[in-house]
J.: 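Handing you this structure, nothing more for now.
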Amino acid sequence: MKLATWNVNSLKVRLPHLLDWLAATGTDVVCLQETKLEDSRFPLAEIEAVGYRVAFSGQKTYNGVAILSRTPLAEVQAGIPGFDDEQRRVLAATLGEGEAAIRVVCVYIPNGQSLDSDKYVYKLRWLDALIAWLRDEIARHPRLALLGDYNIAPEDRDVHDPAAWAGQVLVSDAERARFQALIELGLKDAFRLFDQPDKSFSWWDYRMMGFRRNLGLRIDHILLTPALAARCRSAEIDKAPRRLERPSDHAPVLATLAPEDGEGTTT
DNA sequence: ATGTCTCAGGGACTGAGA
């Protein structure tokens with residue numbers, strides 16, 4: 001089972017990339033961020049036509065999240081319960097049933113703009129609400145995957161030039177402490193379960209020829225509870241869509257899970 | 001290198017957000 005996350009930076013613009021990529025990779029579940037589409041404008045028919053069920057929570061111009069899955073989605077939840085937020089940044093859904101059910105949580109964590117911005121205060125508050133909610137959610141769903149654009153580079157090795165970025169948003173101590181709090185809920189960073197090339201990034205600024213010079217950050221992540229991490233066989237960043245014409249500024253991140261014992265076998 | 005891309009409003013370009 002291939003799970004993925006991709007900040008598409010406008011689903012309207014990136015729909016052809018997404019459909020090509022789904023066909024090329026055979027991804028089973030993908031979490032999208034920055035769809036930037038009101039729900040009435042979501043390209044439901046085009047996506048269903050290629051064999052995916054969809055849940056989405058969008059708004060005009062900004063934000064917007066969606067989950068695409070080859071199997072049905074249940075218990076769909078938009079937003080963090082009890083956290084009042086106009087911005088469409090969270091969507092959760094359950095795949096499968098009973099013991100084998102997997103809870104998928106798609107997040108578009110606020111960018112924060114800069115350390116002296118109100119948006120940074122919002123980011124930290126938002127992360128605190130996410131952490132508190134996930135504590136309960138993980139207790140209810142031992143098989144949980146948290147996928148999305150975290151807008152946090154967890155470590156210096158996730159930053160092309162840590163000295164240049166020191167003290168900036170996306171790498172600040174307070175943000176990294178929140179990422180660590182997620183890890184302390186028991187979640188594992190799927191990408192770091194495996195040896196990875198140095199200077200592996202998932203986002204590159206459109207400016208300064210950032211992608212060609214690999215001036216990137218690793219800010220898109222797949223975190224897995226231990227039950228899912230034990231089944232994780234590989235994780236990678238797929239840079240291919242970033243090389244296309246009119247790319248998103250983010251590349252998709254993937255994790256492959258082995259079937260659970262007894263799952264997918266015939267008798 | 002205030003660098004690029006997307007979107008809305010409004011009907012050309014500007015500003016916001018990232």
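These numbers come from the heavy atoms of this one structure, side chains and all, not from hydrogens, waters or symmetry mates. Chain A is the first sequence line, chain B the second, and so forth, proteins listed ahead of strands; every chain is numbered from 1.
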J.: With C1' as the reference atom in both, quote the distance from B:dA18 to B:dG3 in angstrom, rounded to an integer.
T.: 14 Å
J.: Nearest heavy atom decides the nucleotide; on that basis, is A:K119 or A:T61 closer to the 5' end of DNA chain B?
T.: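 Counting from the 5' end, the first nearest nucleotide belongs to A:T61.
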J.: Using the C1' atoms only, state how far B:dT2 lies from B:dG15, rounded to an integer number of Å.
T.: 13 Å
J.: Whether the A:S117 and A:Y122 side chains hold a donor-acceptor pair (N or O, under 3.5 Å, no angle test) is what I'd like checked.
T.: no
J.: Just to verify, what does A:D39 make a side-chain contact (heavy atoms from CB on, under 4.5 Å) with, not counting sequence neighbours?
T.: A:F56
J.: Quick check: does any side chain N or O of A:R89 sit under 3.5 Å from a backbone N or O of A:Y108, one acting as donor and the other as acceptor?
T.: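 Answer holds: yes.
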J.: For A:V13, which residues count as a side-chain contact (heavy atoms from CB on, under 4.5 Å) partner, sequence neighbours excluded?
T.: A:S10, A:R246
J.: For DNA chain B, which nucleotides open and close the run of contacts to chain A, 5' to 3', at under 4.0 angstrom from a non-hydrogen atom?
T.: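 Answer, 5' to 3': B:dG3 to B:dA18.
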J.: What I want to check is whether the side chains of A:W204 and A:N214 have a donor and an acceptor closer together than 3.5 Å.
T.: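 A:W204 vs A:N214: donor-acceptor pair found between side chains.
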J.: Using the test ring pair (Phe, Tyr, Trp, His ring centres under 6.0 Å), find all partners of A:W133 that sit at least two apart in sequence or belong to another chain.
T.: none
J.: In whole Å, measure the gap between the C1' atoms of B:dG17 and B:dG11 for me.
T.: 23 Å
J.: Using the side chain to side chain donor-acceptor pair (under 3.5 Å) rule, collect all pairs that involve residues 46-61 of chain A, keeping only residues at least two apart or in two chains.
T.: A:Q59-A:N63
J.: Sticking with atom P, work out how far B:dG10 lies from B:dC5, rounded to a whole angstrom.
T.: 26 Å
J.: As a test of understanding, state which of A:F179, A:F191, A:W203 forms a ring pair (Phe, Tyr, Trp, His ring centres under 6.0 Å) with A:H221.
T.: A:F179
J.: With a 4.0 Å heavy-atom cut-off, tell me which residues in residues 203-218 of chain A come close to DNA chain B, sorted by residue number.
T.: A:Y206, A:R207, A:M208
